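First listed ligand is number 1; within each ligand, the first listed atom is number 1. What you are looking at is a predicted structure, and each value in this text was computed from that prediction instead of being measured.
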Amino acid sequence: MQNVVIIGSGCAGNTAAIYTARANLKPLVISGHEAGGQLSLTTLVENFPGFPEGINGPDLVENMKKQAQNFGAEFIHGSVIDTDLSQRPFRLNVEGDWIETRTLIVASGASARWLGLPNEQKLIGHGVSSCATCDGFFYRGRKIMVIGGGDSAMEEANFLSRFGSEVTLVHRREEFRASKIMLDRARANAKIKFLLNTVVDDVHDASKTLVTAVTLRNLKTGERWEQDVDGFFVAIGHIPNTRIFKGQIETDPDGYIISKGGARTNIRGVFHAGDVQDRTYRQAITASGAGCMAAIEAERFLEAEGH
Ligand SMILES: Cc1cc2nc3c(=O)[nH]c(=O)nc-3n(C[C@H](O)[C@H](O)[C@H](O)COP(=O)(O)OP(=O)(O)OC[C@H]3O[C@@H](n4cnc5c(N)ncnc54)[C@H](O)[C@@H]3O)c2cc1C
């Protein structure tokens, strides 16, 4: 029987592990399919406080993990494939083995949707990004492309126009899902050019491990061409990793956990941390802050229950 199980080993899960381990609760962290979370996909992180020269994303999460292990946190590989949260202790199926826990911290993140281009994954962190706040600064005076037609694509394009020499917004249709106000703002921005009815067939150049250009295709005319680009931002949404809690933890229609205040979910003893509940900020530091909150709540919950 565990006191605390943490699902996810990104910034949120690892920070929750540091705090619960230092509270002597011997947390068990289930790393999931992406050990280290989204930061393990990226290179330089320049906005996490405490690192004046920046730090590589994988190093940052690995440091957090070591810090948690130093205080007694245990990490196991594998993913939670099923859950029974109907009563306490909660039961979690980790790839076939059921484990029991008094409290649960859900830090399973929200994965960025990617386009599925042949070279896309190879170039993440080397010009391909899903986060303007994180990576826009690297593209000062450079050519930027944003893919998407929703509010987040408009928001990212507007934000990136502060840095780029030009921002091309590529959208496969003529109509937009974005709200009128966001679309109008992007249209009024002289730096943003729209390429409609257009899709990206691939991003280059994987052999240089650097984004240099994209192949575009007009869906109406079939015309195909290459365009130079330095920063390639995919803004087509995120998928919260909450499928395993369906019908148990309350989520909004997109699958984000609905907070019941602090780090609480609708189930007593189950707490949320990080991007799995946050559709607004989605940053390493906010995820870490949320991990701290969830850990303190779990610790107080256990204390109140006499454990
Ligand atoms: C390319 C890229 C660059 C970024 N750069 C920056 C940056 O420079 N600065 C910044 O502040 N933010 C950056 N971000 C955003 C930042 O990475 C996220 O906000 C942060 O990682 C969220 O942390 P999290 O712990 O909530 O979730 P995640 O990092 O998404 O971690 C989720 C964890 O849950 C695990 N998991 C999921 N499902 C299961 C399951 N069923 N069972 C077990 N485990 C599971 C995964 O394996 C993973 O370990 C970047 C994101 C990306 C994609």
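- Residue-to-ligand polar distances keep Trp114 apart from ligand 1: every N/O pair is separated by 3.5 Å or more.
- In this structure, atom 40 (C) of ligand 1 lies nearest to the protein heavy atom Val80 N, 3.8 Å.
- A salt bridge is defined here as a Lys NZ or Arg NE, NH1 or NH2 lying under 4.0 Å from an Asp or Glu carboxylate O, and Asp184 with Lys180 meets this definition.
- Contacts with ligand 1 closer than 4.0 Å are made by side-chain heavy atoms of Asn47 only, the backbone lying farther away.
- The protein heavy atom nearest to atom 45 (C) of ligand 1 is Gly32 CA, 3.7 Å.
- Under 4.0 Å is where a charged nitrogen must lie from a carboxylate oxygen, and between Arg142 and Glu166 no such pair does.
- Salt bridge Asp82/Arg91: absent, no basic N to carboxylate O contact under 4.0 Å.
- Close approach to Ser79 involves these atoms of ligand 1, each under 4.0 Å from a residue heavy atom: 42 (N), 43 (C).
- The ligand atoms of ligand 1 that sit less than 4.0 angstrom from a heavy atom of Ile244 are 41 (N).
- The closest approach between Ser130 and ligand 1 falls below 4.0 Å for a heavy atom of the residue.
- Annotation: side chain of Leu44 is in contact with side chain of Phe138 (closest heavy-atom distance under 4.5 Å).
- For atom 11 (O) of ligand 1, the nearest non-hydrogen atom of the protein is Ala284 N, 2.8 Å.
- Atom numbering of ligand 1 starts at 1 in the shown order; those under 4.0 Å from a heavy atom of Gly274 are 26 (O).
- The nearest protein atom to atom 15 (C) of ligand 1, hydrogens excluded, is given as Arg282 O, 3.6 Å; this is a heavy-atom distance.
- Comparing heavy-atom distances from atom 4 (C) of ligand 1 across Ala290, Cys134, Gly291, Ser288 singles out Cys134 as nearest.
- No N or O atom of Glu46 sits closer than 3.5 Å to an N or O atom of ligand 1.
- Of all the atoms in ligand 1, the ones that sit under 4.0 Å from a non-hydrogen atom of Glu34 are 46 (C), 47 (O), 48 (C), 49 (O).
- Using a 4.0 Å cut-off between charged side-chain N and carboxylate O, Arg22 and Glu299 make no salt bridge.
- Between Glu305 and Arg300 there is no salt bridge, since none of the side-chain N atoms of the basic residue sits less than 4.0 Å from a carboxylate O of the acidic one.
- Residue, atom and distance of the protein heavy atom nearest to atom 31 (O) of ligand 1 are Gly37 CA, 3.4 Å.
- No side-chain heavy atom of Ile144 sits less than 4.5 Å from a side-chain heavy atom of Asp230.
- The residues Glu74 and Lys26 are annotated as not salt-bridged, no charged nitrogen and carboxylate oxygen being separated by less than 4.0 angstrom.
- Remark: among candidates Ser31, Gly10, Gly8, Gly78, the nearest residue to atom 47 (O) of ligand 1 is Ser31, based on non-hydrogen atoms.
- Relative ring orientation between Phe48 and Phe51 is described as tilted, the plane-to-plane angle lying within the 30° to 60° band.
- The aromatic rings of His171 and Phe176 sit parallel, their planes meeting at an angle under 30°, below the 60° perpendicular limit.
- Cation-pi contact between Arg140 and Phe137: present, with separation from the ring centre below 6.0 Å and deviation from the ring axis of at most 45°.
- The existence of a salt bridge linking Glu223 and Arg217 is excluded, since no basic side-chain nitrogen approaches an acidic carboxylate oxygen closer than 4.0 Å.
- Here the protein heavy atom with the shortest distance to atom 1 (C) of ligand 1 is Ile124 CG2, 3.8 Å.
- Heavy-atom distances between Cys11 and ligand 1 reach below 4.0 Å in at least one pair.
- Looking at ligand 1, you won't find any N or O of Thr42 less than 3.5 Å from one of its N or O atoms.
- If you number the atoms of ligand 1 from 1 as listed, the ones under 4.0 Å from a heavy atom of Ala107 come out as 32 (C), 33 (C), 34 (O).
- If you take OG1 on Thr20 and CG on Asn3, they are separated by 9.5 Å, rounding to the nearest 0.5 Å.
- Looking only at protein heavy atoms, the nearest one to atom 27 (O) of ligand 1 is Gly109 CA, 3.4 Å.
- Taking a 6.0 Å sphere around CZ of Phe245, one finds it holds more than 12 heavy atoms contributed by other residues, nucleotides or ligands.
- Protein heavy atom closest to atom 51 (C) of ligand 1, with residue, atom name and distance, is Gln38 OE1, 3.7 Å.
- Of the candidates Ala287, Cys131, Ser111, Ser108, the one placing a heavy atom closest to atom 32 (C) of ligand 1 is Ser108.
- Polar contact check, Ala12 against ligand 1: a nitrogen or oxygen pair lies under 3.5 Å apart.
- Residue Asp275 touches ligand 1 through backbone and side chain together, judged by heavy-atom distances below 4.0 Å.
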